[in-house]
Amino acid sequence: MALLEKQKKLIDLFHHLSSTPMSEGSGDRGIDLDPRLQNLGQTPRRIVFSVFHEKQLKEATELYEAFIGARDFDDFYKLAQQARGFVNVELFAYSVSVAILHRDDCKGIQLPRIQEIFPDRFVPFETIYNGFRIVQSGAGKGNEPITIKIAHTGNVLDPEYKLAYYREDLGINGHHWHWHLVYPASWRSEVMGKKKDRKGELFFYMHQQMVARYDQERLAHGMQRMKPFHNWDEPMEGYAPHLTSLVDGQHYGVRPGGLKMSDVKDVDIQDMVRWRDRFMDAVNLGYRIDLDPETGIDVLGALVESSYDSINPAYYGSLHNWGHVIMASAHDPDGRYQENPGVMCDTSTALRDPIFYRWHKWMDDMFQNYKFTLPKYTKTQLSFPTVTVKNVTVNASIPNIITTFWKTAELEMSEGINFGKSRSVKCQYQHIDHEPFTYVIDVENSNFSTKQATVRIFMAAKHDELGNDIPLDEQRRLMIELDKFKVDLSPGKNSLKRASSDSSVIVKKELTIAELRAGKGSAKSSNEFCSCGWPEHLLIPRGNHRGMAFDLVVILTDWEEDKASNASSKCLCKDAVSYCGSMDEKYPDKKPMGFPFDRKIGINSLADFLTPNMKSTDIRLLFKDN
Ligand code: CUO
């Protein structure tokens, strides 16, 4: 079957998913149910699914394993059609997405964006309701597209509202959903026949980076960096998502300010306290665990999540996943009001909630606690003898000043939502974007032969909330990775140029469902990509009107030492390797993720830390409020 044909068939599996009937067609359990689906359908069909909830994830895992195990594409497709008819609608979307990303006969197929599959997880219901009203009234000419501006979700009486544009950004929430599809917590390598290299470490690192980015967005607004969640009795800030699930017709839970975490049906706060204590004993006392500097963080990442790879889930529990569930249930912990969970229940909505970042910063502190136990990097480990970085400039319209601004975008909602008539209904929203820029890096290679190097580019704010310099050991935790790539250095002088759009952390271009149906992005096209990665428009923080000061740091290391031993270059999906890895291959960089800022430095100024193979440059992020 041609790739485009497969692509179209798979897109149809998602079409108007939220309005599928209670059971449909051959999926009805009573009629010829495939034995591989016999145990499924336990999660009620029309409730909000939580990938963080142990029992729901178990069912989703059974389903994606059945999909991945299907004999061939036709077998997979038939199985998926049948499952679509009776399992939980959102659980189906999750499992079929995991399968599409991992089946060999789906290579080259682009997963439709979750924003288009379930717009109700991204767009306030006021906006969607407006769409219904306009369609039903028959306004406008014939089938001309309807475009509605997205509604606000609060106002400045809530200090956190200043950052709603960031937390509610469609791209970052879409990224988070996709990342957890590529790295399912329940992935069983030995059953699936594909190992997820350094999955636990990447769980730590990708989330650490999201937290670092958010803290710098706060500094740009003159706000304090987040206080990590730290106290089980602490009243939490509120959040009202303004979302209504079209799967069950209920709004997502609202958390008024001041609520605390409570026991839920399957787990107690006491369990959480105990699991956290056990983690700290493992890290600080080495109790019941042997952590090796190379793999320790990977073991701990898996243990905290907790993923299938956790070394002892019975003992260390599932701190992270249950935390999401408990926080999502704060407004109705024992379910007496039969409310929907809050947005923390799902990977495509959790980033909207301010508590997400505080929860993950708390876990990041736990991981850092482990990193503190590792020896500092020596000058030898940091150096690349014979290679000197002479100068770094960021070329934008003004050198070393990058401008950010608002940009208007649209989301087609009628692929996901059945408005009753076949008409395009779009919502229009604004997001932060930046001008394109280029790094120019002058490097001297004093060897007589060509050297291969890994170029690592990071950036972090220079000043804290009070305008004081941030000490390096604090600043290192704000370092966001902008890019990492391999270069050949000729003997003598080299001038390297690299465009911001080539970054190893971003997804290059995300196609709409209409574009996918039209055949754009099929494997035959030259720019194959697999849609995992941070959105390009948020590659850098917003900055401020004065031009917020950042240190941009470029580090060259020896590729011969960095390269993963058996990484091949066959894989189609390797765009955003820094955050997403290289699908079906080893993580391509052997160094710890975040190197050289992942460990304690013990030096106060960046200038004193740098070896000749590193260089820092002062840059400014200038926000122009258009
Ligand atoms: Cu990605 Cu808490 O895992 O969200």
Side-chain angles (χ1 to χ4, degrees), residues 48-54 56-57 60-61 90 94 97-98 101 114 121 166-169 171-187 196 198-215 226 228-229 236 239 241 252 255 261 267 272 275-276 279 297-298 300-310 316-330 341-367 505 507 532-535 538 576 578-581 593:
V48 169
F49 160 73
S50 175
V51 75
F52 298 118
H53 194 287
E54 206 168 278
Q56 295 181 20
L57 176 60
T61 305
E90 298 192 341
Y94 171 81
S97 300
V98 173
L101 285 176
I114 188 70
R121 296 189 193 171
Y166 187 87
R167 295 191 316 268
E168 294 168 1
D169 183 89
I172 64 169
N173 281 284
H175 158 70
H176 188 230
W177 158 264
H178 198 106
W179 189 90
H180 280 276
L181 295 178
V182 178
Y183 292 97
S186 55
W187 187 259
K196 300 273 178 188
R198 293 166 72 181
K199 178 166 173 268
E201 183 177 7
L202 200 49
F203 171 78
F204 144 73
Y205 183 59
M206 201 284 293
H207 289 89
Q208 182 272 332
Q209 289 281 292
M210 289 201 294
V211 165
R213 287 170 175 277
Y214 188 61
D215 258 344
M226 283 170 293
F229 168 86
M236 291 182 278
Y239 179 65
Y252 278 78
R255 191 180 61 248
M261 291 171 90
V267 68
M272 303 285 279
W275 295 336
R276 202 244 176 192
F279 174 94
I297 189 68
D298 191 42
L300 294 175
L303 178 158
V304 168
E305 186 176 6
S306 111
S307 74
Y308 174 75
D309 298 330
S310 170
Y316 293 108
S318 179
L319 198 53
H320 161 263
N321 284 0
W322 280 124
H324 273 272
V325 174
I326 291 174
M327 286 175 170
S329 311
V343 291
M344 278 290 275
C345 73
D346 186 74
T347 54
S348 62
T349 51
L351 270 68
R352 301 171 73 90
D353 190 334
I355 200 72
F356 171 89
Y357 303 88
R358 296 183 50 225
W359 176 240
H360 269 279
K361 191 168 184 179
W362 176 75
M363 273 173 290
D364 195 51
D365 281 354
M366 288 165 54
F367 292 127
V505 302
V507 59
C532 183
W534 190 251
L538 290 179
S578 289
Y579 290 171
C580 298
M593 297 177 197

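Any value given below was found using the heavy atoms of this structure, including those in side chains, with hydrogens, waters and symmetry copies removed. Position 1 is the first residue of the sequence; numbering continues from there. Just follow the structure's listing: the first ligand is 1, and inside any ligand the first atom is 1.
- Ring geometry, Phe204 versus Phe367: the interplanar angle exceeds 60°, so the pair is classed perpendicular (tilted spans 30 to 60°).
- Using a 4.0 Å heavy-atom cutoff, Phe356 is listed among the residues neighbouring ligand 1.
- Note: Tyr214 and Tyr166 have tilted aromatic rings, judged against thresholds of 30 and 60 degrees for the angle between ring planes.
- Only the side chain of His320 comes within contact range of ligand 1, with a heavy atom under 4.0 Å; no backbone atom does.
- Legend: residues meeting side chain to side chain contact (heavy atoms under 4.5 Å, CB included) with Pro341, ordered by chain and number and at least two apart, are Val48, Ala328, Cys345.
- Ligand-side atoms of ligand 1 in range of His324: 2 (Cu), 3 (O), 4 (O), range being under 4.0 angstrom from any heavy atom.
- No side-chain heavy atom of Thr347 sits less than 4.5 Å from a side-chain heavy atom of Tyr94.
- Partners of Tyr183 according to the ring pair (Phe, Tyr, Trp, His ring centres under 6.0 Å) rule, which considers only residues two or more places apart in sequence or in another chain, are Trp179.
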For this session: Take Phe203 and His320 through the ring pair (Phe, Tyr, Trp, His ring centres under 6.0 Å) test and state the conclusion after the steps.
Result: CA-CA 11 Å; Phe203 171 78; His320 161 263; 4.9 Å; yes
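- Considering only residues two or more places apart in sequence or on other chains, Pro228 meets the side chain to side chain contact (heavy atoms under 4.5 Å, CB included) condition with Lys361, Trp362, Asp365.
- Within the sub-2.8 Å shell of atom 1 (Cu) of ligand 1, the protein contributes these N/O/S atoms: His176 NE2, His180 NE2, His207 NE2.
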